[in-house]
Q: 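Encoded as structure tokens, here's the structure I'll be asking about.
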Amino acid sequence: MDQGRTDIAPGRGPTDSELLEMYRLMALCRALDERVWLMNRQGKAAIVASAQGHEAGQVGSVAALRIGHDRFYIYYRDLAALVSLGLTPAQIMSGFLAKAGEPLSGGRQFPTHGAHAGLNLVNLSNVVATQIPQAVGDALASKMRGEDAVTIVYFGDGAASVGDCHEGMNFAAIHKLPVVFFCENNGYAISVPLSKQMAVDSVAGRAEGYGMPGVVIDGTDVSAVYEATAAAAERARAGEGPTLIEAMVERYLPHTSDDDDSRYRPRGDIEEARKKDPVKMLRERLLADGILDEETDERFSADAKRAVNEATEEVEAAPHPDPSSFYDHVYAGDTGGASSR
Amino acid sequence: MDQGRTDIAPGRGPTDSELLEMYRLMALCRALDERVWLMNRQGKAAIVASAQGHEAGQVGSVAALRIGHDRFYIYYRDLAALVSLGLTPAQIMSGFLAKAGEPLSGGRQFPTHGAHAGLNLVNLSNVVATQIPQAVGDALASKMRGEDAVTIVYFGDGAASVGDCHEGMNFAAIHKLPVVFFCENNGYAISVPLSKQMAVDSVAGRAEGYGMPGVVIDGTDVSAVYEATAAAAERARAGEGPTLIEAMVERYLPHTSDDDDSRYRPRGDIEEARKKDPVKMLRERLLADGILDEETDERFSADAKRAVNEATEEVEAAPHPDPSSFYDHVYAGDTGGASSR
Amino acid sequence: MSVIDAVREAMREEMARDERVFVMGEDIGARGGVFLATDGFVEQFGEERVIDTPLAESSIAGIALGAAMNGMRPIAEIEFADFIWPTFNQVVGEAARVRYGTAGSLGAPMVLRAPYGGGVRGGLYHSQSPEAYFAHTPGLKVVAPATPYDTKGLLKSAVRDEDPVIFLEHKRTYRLVRGDVPDEEYTLPIGAADVKMEGSDISVISYGLMLHLCLEAARELADEGVSVEALDLRTLRPLDSEAILATARKTGKALIVHEDTKAVGVGAEVAAIIAEEAFEYLDGPIMRVAGPEVPAMPFSPTLEAMFMPDTERIANAMRELARY
Amino acid sequence: MSVIDAVREAMREEMARDERVFVMGEDIGARGGVFLATDGFVEQFGEERVIDTPLAESSIAGIALGAAMNGMRPIAEIEFADFIWPTFNQVVGEAARVRYGTAGSLGAPMVLRAPYGGGVRGGLYHSQSPEAYFAHTPGLKVVAPATPYDTKGLLKSAVRDEDPVIFLEHKRTYRLVRGDVPDEEYTLPIGAADVKMEGSDISVISYGLMLHLCLEAARELADEGVSVEALDLRTLRPLDSEAILATARKTGKALIVHEDTKAVGVGAEVAAIIAEEAFEYLDGPIMRVAGPEVPAMPFSPTLEAMFMPDTERIANAMRELARY
Ligand SMILES: Cc1ncc(C[n+]2csc(CCOP(=O)(O)OP(=O)(O)O)c2C)c(N)n1
Ligand SMILES: Cc1ncc(C[n+]2csc(CCOP(=O)(O)OP(=O)(O)O)c2C)c(N)n1
Ligand SMILES: [Mg+2]
Ligand SMILES: [Mg+2]
């Protein structure tokens with residue numbers, strides 16, 4: 001943790017094998033991310049929001065939680081969280097191409113959006129910050145039933161300005177709900193820099209005003225992320241309530257494939273940021289620490305490439321959703337093509 | 001100031017004659033307040049929200065500002081602010097009885113609601129916290145035109161939970177707008193106690209998270225209120241941006257005349273609070289300091305009583321608004337009874 | 001039993017029946033709700049299931065939604081419908097699309113209750129009728145009952161419904177309207193209108209408080225020899241278009257009455273359905289009596305009276321229609 | 001000139017003309033707006049009058065309202081209409097009532113611009129049509145132009161209007177629809193519909209993107225010997241009921257077309273007005289072609305196509321109506 005803020009105990013760190021697995025996931029995600037961006041440029045994927053630069057924050061936090069048990073409210077930039085949760089490249093890519101059988105929304109929603117019941121994964125909408133009170137309500141439900149699931153909710157620095165963020169955090173603190181607020185602060189909301197988003201330089205500084213701990217961490221360092229998340233989850237499970245983690249990250253690419261960041265972002269800015277590329281940094285560290293060897297690294301690369309290639313082929317060949325599914329699921333019981341009114 | 005919080009310089013205090021005038025206004029307001037409550041119990045006033053217990057906060061803050069120049073966004077509990085701004089008891093009472101010629105909304109709105117252009121006074125709606133971003137926009141307008149008006153916005157502890165409060169404060173801090181956020185913390189939002197409203201015990205503690213100073217003051221002490229407001233106004237005029245003042249006050253009566261506080265509030269609670277009655281405390285202090293003498297005090301009492309009696313007679317005799325005014329002012333230019341569609 | 005009693009008993013029974021049901025909102029705990037809809041609940045069910053929330057409507061809806069997506073069945077109270085606008089993003093934008101946007105993986109079985117309507121000296125901000133906005137929104141269900149019997153049966157169905165239901169209670173009916181409610185448990189189907197009075201000359205289609213004024217006007221008309229059929233919509237989404245068309249076809253003359261303002265209101269849809277699908281049966285224009293096109297109901301009694309449709313206006317419209 | 005150019009030029013001219021006019025919204029500064037509606041503005045007018053706001057729509061509306069009440073004329077951009085729901089409380093609840101609730105002491109001369117509509121692979125949250133909600137609200141004006149000429153003239157009028165105007169720009173028309181715009185300055189009256197094609201057999205009433213599909217379908221029908229009159233509503237509140245009634249009385253047959261979902265939509269009001277006031281002139285049912293009753297437009301191209309009304313559906317409805 002960069003600036004541990006106070007009453008949050010240090011969490012346990014990742015084991016070597018966990019580190020290795022996180023690196024594998026980050027490399028896989030990066031390969032997938034580059035591919036879908038390319039597919040957008042080829043006119044195949046209508047819209048892409050890239051996670052490049054954010055991977056350590058997402059992978060590190062998911063790794064510190066219990067997949068299939070804890071609960072995940074993510075947002076559009078969380079491709080690496082999806083990969084970490086175990087969605088396959090083909091499943092994810094089928095969202096980018098909105099193909100039949102897409103697991104989250106049946107191709108109805110933007111890529112990565114929808115939900116996955118088995119994974120306790122929700123990415124309901126594109127509307128920034130709506131997930132925050134929803135995640136709080138989700139945690140309330142777990143608490144009411146006496147379950148020990150922790151709900152983590154991801155959001156950006158822009159989202160922190162929305163009223164729903166305030167209302168959700170306040171409620172979670174009052175009821176000491178098992179929530180981890182995970183802010184991926186990349187310094188931009190599309191083109192709006194942090195200095196126009198807030199008069200302070202950290203979202204985590206607001207945590208105290210709600211009565212919960214807030215920590216600022218280096219979001220490019222998986223270990224720091226893992227530790228902070230583990231500590232927050234422990235607090236949550238112990239009934240001590242929510243924690244706000246602010247992971248400082250960088251957005252390498254434009255906001256989405258529709259954006260042109262040269263209109264507002266100094267080039268040097270990104271070059272500078274890329275020096276702290278979380279995937280490269282982790283690779284170097286694991287090599288140095290003897291946790292990763294070149295051979296394994298090459299295998300990871302090759303596997304990632306193959307998985308992404310296979311996914312591309314599979315998904316490009318897949319059919320579009322059947323138009324007759326259009327009227328399904330407006331209300332419970334709506335299936336089979338009948339209009340609801 | 002009880003707990004000066006940091007970077008806010010102490011403001012100037014009220015002069016003796018200002019103190020005396022504030023006392024006169026507080027006593028007048030109390031008499032009016034008791035009368036309209038009575039008129040509700042008599043079935044004459046449909047709804048009353050009382051300011052009893054809040055008077056020092058409202059009178060002290062208005063006194064520190066420039067009437068007719070600075071700008072006031074108040075809420076439903078701000079009867080004493082209205083009295084301080086110079087509305088007559090008859091004008092105010094005409095709102096409680098919704099009579100013709102009522103100056104703020106023509107009897108269309110709940111008592112004390114509407115606006116007064118000459119006084120730069122806005123109390124637009126009953127919807128809690130909506131006035132906060134409005135006041136921020138109001139201050140933005142003054143700043144854009146290079147005017148030195150300060151906008152003060154009043155709200156309760158409940159209002160602080162609303163998203164609009166967060167969004168408005170954040171914007172004001174970013175743009176260093178000349179706003180004073182004046183929270184009248186009476187520990188209740190109708191029946192909901194502060195402990196269920198927030199996990200902390202002060203709203204002002206949130207100011208830092210926006211990048212502005214926040215102070216907690218004793219809202220039953222006019223001098224403390226005056227000083228804090230004067231200091232915040234000076235900051236605002238100097239281009240240093242907003243301040244959040246949290247005045248700790250007590251609500252002596254039920255939330256409104258529709259409420260029954262015995263359902264949720266321990267009796268001892270109010271009795272305890274009444275020991276710090278701001279009107280009585282100021283009276284005693286001014287008598288002790290020789291600023292007020294018994295004779296003047298009796299004159300104030302008699303004047304207040306007479307003004308309230310005269311207002312009652314005048315307003316009870318006044319006609320109801322002409323039904324033909326019903327279609328006026330839906331859009332600009334709508335007057336004379338024509339339907340707008 | 002009064003309407004507010006019906007609301008209370010429906011919730012009490014559903015909470016007793018199903019552990020997943022809980023209530024949340026402002027002042028619903030010790031205070032028992034500003035209209036006493038949850039009077040005694042905190043004593044009976046405890047603070048965990050009777051949650052006094054902070055003053056923050058957007059999150060009341062958002063938190064209810066999150067709890068619903070995670071297996072609970074929240075009933076959230078919006079203290080007055082006038083304060084429901086902050087929930088729009090979480091309700092119209094989010095809850096209404098949960099099932100569709102997840103292709104059925106998740107649902108949002110939540111109820112948002114709100115006292116609405118005027119004629120209570122509520123002024124601009126305690127008198128509003130928000131039904132048209134929600135009735136326009138696919139994915140929501142909108143219920144607006146008029147009697148204690150319908151209120152109880154429909155609220156119980158709303159709580160059991162798998163989809164988000166906006167449940168609108170006309171606050172003037174709370175204590176004014178009384179009626180029999182059976183001791184045995186029952187539910188009523190959402191989406192079914194109800195003929196509250198059979199007739200053959202003209203149809204009046206209404207809901208909520210206005211239904212009662214329509215029935216009063218219909219009784220006046222009966223004395224004048226005009227037979228009025230009164231349809232109570234009860235549910236505003238989905239609208240029971242079969243029942244609407246049946247009565248329109250039967251009498252050939254339709255009058256729609258609501259307190260909410262006219263333009264782009266629920267009455268417009270009822271008129272459009274009839275004009276589109278029962279055109280051949282019509283013997284007169286489709287008429288509407290509705291709130292006037294002003295932003296809200298004023299506080300002054302003289303001005304409030306200008307807003308509220310009354311029995312006289314309704315009876316006059318019936319007479320005009322009967323003359324065709 | 002394209003529609004987006006018309007938007008930009010209208011704002012540029014009004015900002016140059018009146019110091020009180022300023023723009024605010026997300027990404028409207030250096031980025032020039034996500035659709036480039038304010039491209040070059042920050043360079044021309046400076047950061048004070050071109051305000052990149054935090055991501056917080058409720059306050060964008062609330063701050064604009066406060067500035068408007070204090071003498072300014074803000075134009076606030078909501079990045080996509082899908083994100084307009086958080087403004088509902090400040091717009092529907094507050095801005096719409098400022099003049100009425102202060103008996104004329106204050107007004108709210110503000111414009112809320114929003115790109116809306118689908119057919120752009122926008123999915124559930126970048127395709128929505130929010131007009132019905134605002135068109136239901138007295139105190140607001142709602143403008144939804146279809147051509148560059150109308151866009152420029154109406155946006156300039158909106159900025160000069162003394163009351164709050166919701167200005168809806170169909171994002172698919174931004175670059176697709178081009179047209180002549182005079183060099184000289186002009187404004188167009190809010191509240192006036194426009195006959196875009198004269199005809200005598202049937203009337204088609206529409207607005208926004210759908211107007212263009214209606215005109216295309218009308219040209220098809222002309223080849224088949226059916227003469228279609230096409231009315232462009234342009235303003236959705238206040239509706240130009242005279243123009244609606246004039247065309248309905250002229251042809252006796254009305255088809256209303258909009259992309260927004262059907263129930264309780266703007267088309268319902270148009271149908272209701274005709275059914276109420278032009279009943280004697282009608283030779284056929286009042287028909288509607290509108291978006292289907294699903295919560296929103298899906299992202300998949302095959303599913304998106306199911307949502308969007310197209311020329312074929314419109315032409316078929318015209319044929320059906322012509323047969324009466
Ligand atoms: C309520 C809302 N307003 C505006 C948008 C348009 N929009 C999409 S993403 C975005 C920026 C979000 O920034 P941030 O929260 O920092 O997340 P990041 O994209 O940087 O990860 C904006 C303005 C939206 N989706 N929702
Ligand atoms: C948005 C909104 N929600 C609910 C209400 C109903 N209501 C009116 S006053 C009030 C409590 C406000 O408490 P607080 O802000 O502390 O002010 P106080 O009355 O204590 O001065 C509530 C819940 C409202 N007017 N507006
Ligand atoms: Mg960001
Ligand atoms: Mg309070």
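In what follows, chains carry the letters A, B, and so on, assigned in the order in which the sequence lines appear, proteins first and then strands, with residues in each chain numbered from 1.
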Q: Between A:Asn123 and A:Gln109, is there a side-chain heavy-atom distance shorter than 4.5 Å?
A: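 A:Gln109 does not reach A:Asn123 side chain to side chain.
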Q: Is the shortest side-chain N to carboxylate O distance from B:Asp261 to B:Arg267 below 4.0 Å?
A: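 The answer is yes: the pair qualifies as a salt bridge.
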Q: Do the ring planes of B:Tyr188 and B:Tyr264 sit parallel (below 30°), tilted (30 to 60°) or perpendicular (above 60°)?
A: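 Geometry flag for B:Tyr264 against B:Tyr188: tilted rings.
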Q: So which residue, A:Ile174, A:Val200, A:Asp201, A:Val203, ends up with the most heavy-atom pairs under 4.5 Å with chain B?
A: A:Ile174
Q: Answer whether the closest heavy-atom distance between the side chains of A:Met169 and A:Arg206 falls below 4.5 Å.
A: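 A side-chain contact is absent here, since even the closest heavy-atom pair is not under 4.5 Å.
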Q: Say whether, by atom type as modelled, one donor and one acceptor occur between the side chain of B:Arg77 and the main chain of B:His255 under 3.5 angstrom.
A: yes
Q: Applying ring-ring contact (aromatic ring centres under 6.0 Å, His included) as the test, list every pair that has at least one member in residues 224-252 of chain B; sequence neighbours left out.
A: none
Q: Can you tell which part of A:Lys176 gets under 4.5 Å to a heavy atom of chain B, answering side chain, backbone, both or neither?
A: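 It is neither, since no heavy atom gets under 4.5 Å.
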Q: Any side-chain to backbone donor/acceptor pair from B:Glu234 onto B:Ala232? Under 3.5 Å, distance only.
A: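 Such a contact is absent between B:Glu234 side chain and B:Ala232 backbone.
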Q: Give me the contact list for residues 139-166 of chain B versus chain A, heavy atoms only, anything under 4.5 Å, ordered by residue number.
A: B:Ala160, B:Ser161, B:Val162, B:Gly163, B:His166
